[in-house]
Amino acid sequence: MNTGPVLCYSEEPELAEELLRWTHHQKLSEGAPVAAAVLGALPADLPQRYAAAGAQEVYRLAAEAPAFPEAGVLAEALAIVVREAKPRLVLLASTKRGKQVVGRLAGLLDWPVATGVNELRRDGEAWVLEREALSGNAVSVEQFPGGAAIFALTTGQGPPAAASYPLQIREVTGAFPPSRVERREQRPKGGGGVHLETAERIVTVGRGLKKREDIPMVEALARALNASVGCTRPLAAEAGWFSDDHWIGLTGHRVKPKLYVALGVSGAVQHLVGMRGSRIVVAVNQDPNAPILGQADYRITADLYSLVPALLRALGVPG
Amino acid sequence: MSPNLRIWVAVKHGVDVGLTRADPATGVVALEGAPRKTSDFDRNAVEEAVRVRERSGGTVTAVSVGPPSAREALREALALGADEAVLFTDPAVPRFDTRAVARALAATCRTLGGFDLLLLGEGSTDHFGGVVGARVASELGVADLAYVRKLTVEPEGVVAERDLEREVEVLSARFPVVVTVGQEINTPRVPTFMSNLKASKKTIRQVGPAEVNLPASSLAPVQTTLRVAVPQVARKQVPLTGNSPDELARELLSRLRDEGVWP
Ligand SMILES: Cc1cc2nc3c(=O)[nH]c(=O)nc-3n(C[C@H](O)[C@H](O)[C@H](O)COP(=O)(O)OP(=O)(O)OC[C@H]3O[C@@H](n4cnc5c(N)ncnc54)[C@H](O)[C@@H]3O)c2cc1C
């Protein structure tokens, strides 16, 4: 049995902290140390932050990172750390960049990999994990050999705080490989800084909304309910009425509010996967056969153009 | 501009997610024998491959790893404009997991003439692991540009605009390069009667491990799917009605108050 650490890596410190806390929460280390990998520069506050998230060791590749460390470079640098730390498990965040690093690392190490992991546990000698499948429509339970593996965790699960440990910093010697990719430009995506993952209430609109000019009506309802505004894919990706931070579903954001109000949303599986974790779901759709009505706690078969103004009146919003 | 750009595009014949049925009692989805179709993003990858050829010249070779039925996805790729198609299959492999797929794709592209540009969907409709593109690139020791929404071919390589969670990046890399794409990059054309007819007359080349110099052992599955089930979320399913929209609105607000989710 490998006695090496569980090694957590993300280039985003908040996500690395989440991986560390999750490792403790899921009891994945089985007595072995919980470690974080740092590639290149070690910011002064990082050891303290990682220790507070439960790290007992930091393995740091003590080398200068190239100006743009693309996924291939990160994977090769991480592989150097892995060869030194000999971890029982490598955990990454299942973000877009994270999955790309996982794919490249898998090619370098030939260890089993899985992404989008929501749960992970030991079952005898094996690893058993749960991840989404069928476009988020289903949960797949998969078994992996119990040896070293690379798993990418769905972040945003908010594992509880872990105890703090004394931290050992271990320097690993090696060099970053040259980058095969040049970055010509980088720009933040437009958006209002909406963070639907942590919203308590969400009012989501779909293509039942006829025109862009009707968005203020939906925003007024959201304000009165103290809710954030969400949307389906067509309204963000096709119509461009909303920035991507409002987009909920398989290729958008996963949300778990107390209250989810869906207005003029049909309820395609790729949308449902994004909102399945909601506590109370209200669906308003004029088509009694719309799938969303079958996924709701309170189902209202009505025209949103008559119900929303009525809700605004009932909430005392001047029309 | 290289007039003979070797463009490859990988397609998966995956489970048709819209047509799967779950057991009403257990939620378990039967995947054995489930209807299959070309994975959504792979159609975008084929479309992009054909557009690159239309602009820059070259040939488009579609490749699929899977059982013989994966020929259907290749047939569709031919109908969408691919010039050639190759099926990698091996009766000795019970299931192709991501490791086997990545290795077989890498070996096939490397052995059958090499490539300048290999396009893939960034994730498959059924599994959505999102690692095959990066793993193929890693096996081949070449760059991969992932989540691409806009692709431009230059004489020596490609420039790609890609979409991450919070930012957009414009990246460039020299040939050979692997590029993964999503739905936003283009709208795939629809095969016509004529293009289907033309595609039906083309031969799909079939290869196995021996033809692409791959040790057969390297395809053995490492992971096992124990079960795939639709999560059973119990919803209250209470229909709300009212004599007027105003009455309905008041009824809803009182329910939300009772549930403790508002105000
Ligand atoms: C690979 C892939 C990934 C995808 N990812 C996502 C994703 O992340 N998120 C996502 O949302 N979608 C996603 N989709 C798209 C998804 O399949 C659906 O097409 C989309 O969710 C439909 O959006 P909609 O409900 O707004 O529109 P529609 O399906 O057109 O539904 C509109 C609904 O509004 C109702 N309606 C119309 N007028 C009114 C009215 N006046 N009052 C009340 N109701 C009205 C109609 O009855 C209908 O049910 C994805 C698709 C694919 C293939």
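Below, chains carry the letters A, B, ... as their sequence lines are ordered, and counting in each starts from 1.
- With a 4.5 Å cut-off on non-hydrogen atoms, B:F128 touches chain A through its backbone and its side chain both.
- Neither the backbone nor the side chain of B:A102 comes within less than 4.5 Å of any heavy atom of chain A.
- Contact annotation for B:V168: both backbone and side-chain heavy atoms come within less than 4.5 Å of a heavy atom of chain A.
- With respect to chain A, the highest number of heavy-atom pairs below 4.5 Å among B:L145, B:L171, B:V230 belongs to B:L171.
- For a residue to count as touching a neighbouring chain, one of its non-hydrogen atoms must lie under 4.5 Å from one of that chain's; by this rule B:L253 touches chain A with the side chain only.
- Ranked by non-hydrogen atom pairs under 4.5 Å with chain B, the options A:V281, A:L312, A:N226 are led by A:V281.
- Two residues are said to be in side-chain contact when any heavy atoms from C-beta on lie closer than 4.5 Å; B:L105 and B:V132 meet this criterion.
- There is no contact between A:E130 and chain B, counting heavy-atom distances below 4.5 Å.
- With respect to chain B, the highest number of heavy-atom pairs below 4.5 Å among A:A302, A:P257, A:A152, A:S278 belongs to A:S278.
- Counting heavy-atom pairs under 4.5 Å between each of A:V282, A:D110, A:T251 and chain B puts A:D110 at the top.
- Ranked by heavy-atom pairs shorter than 4.5 Å toward chain B, the options A:E200, A:E132, A:R201 are led by A:R201.
- Residue contact with chain A, scored on non-hydrogen atoms closer than 4.5 Å, involves the backbone and the side chain of B:T224 alike.
- Of the listed residues (B:T241, B:L256, B:D163), the one with the most heavy-atom contacts under 4.5 Å to chain A is B:D163.
- Looking only at atom types and distance, the side chain of B:N44 has no donor-acceptor partner in the side chain of B:Q183 under 3.5 Å away.
- Per-residue heavy-atom pair counts under 4.5 Å with chain A were compared for B:V222, B:V233, B:L248, B:D144, and the maximum is reached by B:D144.
- Per-residue heavy-atom pair counts under 4.5 Å with chain A were compared for B:G130, B:G157, B:G27, B:G129, and the maximum is reached by B:G129.
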Criterion ring pair (Phe, Tyr, Trp, His ring centres under 6.0 Å) on A:F144 and A:F151, from CA distance to verdict: CA-CA 11 Å; A:F144 284 73; A:F151 295 131; 5.4 Å; yes

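- The residue among A:H253, A:R187, A:R279 with the most heavy atom pairs within less than 4.5 Å of chain B is A:R187.
- Side-chain contact, B:N213 with B:T111: no donor N or O sits under 3.5 Å from an acceptor N or O.
- The contact between A:A296 and chain B is made entirely by backbone atoms, counting heavy-atom distances below 4.5 Å.
- Using a 4.5 Å cut-off between heavy atoms, B:D97 does not touch chain A at all.
- The candidate from A:L105, A:D244, A:V101, A:T95 with the greatest count of non-hydrogen atom pairs under 4.5 Å with chain B is A:T95.
- Contact annotation for A:V308: neither backbone nor side-chain heavy atoms come within less than 4.5 Å of a heavy atom of chain B.
- Heavy-atom pairs under 4.5 Å with chain A were tallied for B:V29, B:V15, B:T98, B:V228; the largest tally goes to B:V228.
- A 4.5 Å side-chain heavy-atom check between B:E184 and A:E238 finds every atom pair outside the cut-off.
- Interface check for chain A: of the options B:R250, B:E165, B:R162, the most heavy-atom pairs under 4.5 Å are formed by B:E165.
- Put simply, the side chain of A:V113 does not reach to within 4.5 Å of the side chain of A:T115, judged on heavy atoms.
- Taking both residues in full, the closest heavy atoms of B:G123 and B:F41 are given as O-CD1, 3.4 Å, listed atom of the first, atom of the second, then distance.
- B:R95 CZ: more than 12 foreign heavy atoms inside a 6.0 Å radius.
- A:V90 has its side chain within reach of A:W111: a pair of non-hydrogen atoms, C-beta onward, lies under 4.5 Å apart.
- Using modelled atom types and a 3.5 Å distance limit, the side chains of A:E12 and A:S10 yield no donor-acceptor pair.
- Remark: A:L263 CG to A:Y305 OH distance equals 10.0 Å, nearest 0.5 Å.
- With no hydrogens or angles considered, no side-chain donor-acceptor pair links A:R276 and A:Q295 at under 3.5 Å.
- If you measure heavy-atom distances from B:E247 to chain A, you find no contacts under 4.5 Å at all.
- Heavy atoms of A:R184 lying under 4.5 Å from chain B belong to its backbone as well as its side chain.
- B:V142 touches chain A through its backbone: at least one of N, CA, C or O sits under 4.5 Å from a heavy atom, while the side chain does not.
- A side chain to side chain donor-acceptor pair (under 3.5 Å) with A:Y298 is found for one member of B:R235, B:Q237, B:E259 and no other, namely B:E259.
- Taking CG of B:D40 as the reference point, atom NZ of B:K12 lies at 11.5 Å (rounded to 0.5 Å).
- Neither the backbone nor the side chain of B:L140 comes within contact range of chain A, judged by heavy atoms closer than 4.5 Å.
- The contact between B:P263 and chain A is made entirely by backbone atoms, counting heavy-atom distances below 4.5 Å.
- With a 4.5 angstrom heavy-atom cutoff, A:A224 touches chain B only via backbone atoms.
- For B:R99, the part sitting under 4.5 Å from any heavy atom of chain A is the side chain, from C-beta outward, and nothing else.
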Verdict with reasoning, B:E139 to A:R104, per salt bridge (charged side-chain N to carboxylate O under 4.0 Å, His left out): CA-CA 8 Å; B:E139 305 268 353; A:R104 297 213 63 122; over 6 Å; no

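- Between the side chains of A:S135 and A:N137, no donor N or O sits under 3.5 Å from an acceptor N or O.
- The contact between A:Q143 and chain B is made by backbone and side chain atoms together, counting heavy-atom distances below 4.5 Å.
- Using a 3.5 Å distance cut-off with no hydrogens or angles, the side chains of B:S39 and B:T125 do pair a donor with an acceptor.
- Contact annotation for A:D245: neither backbone nor side-chain heavy atoms come within less than 4.5 Å of a heavy atom of chain B.
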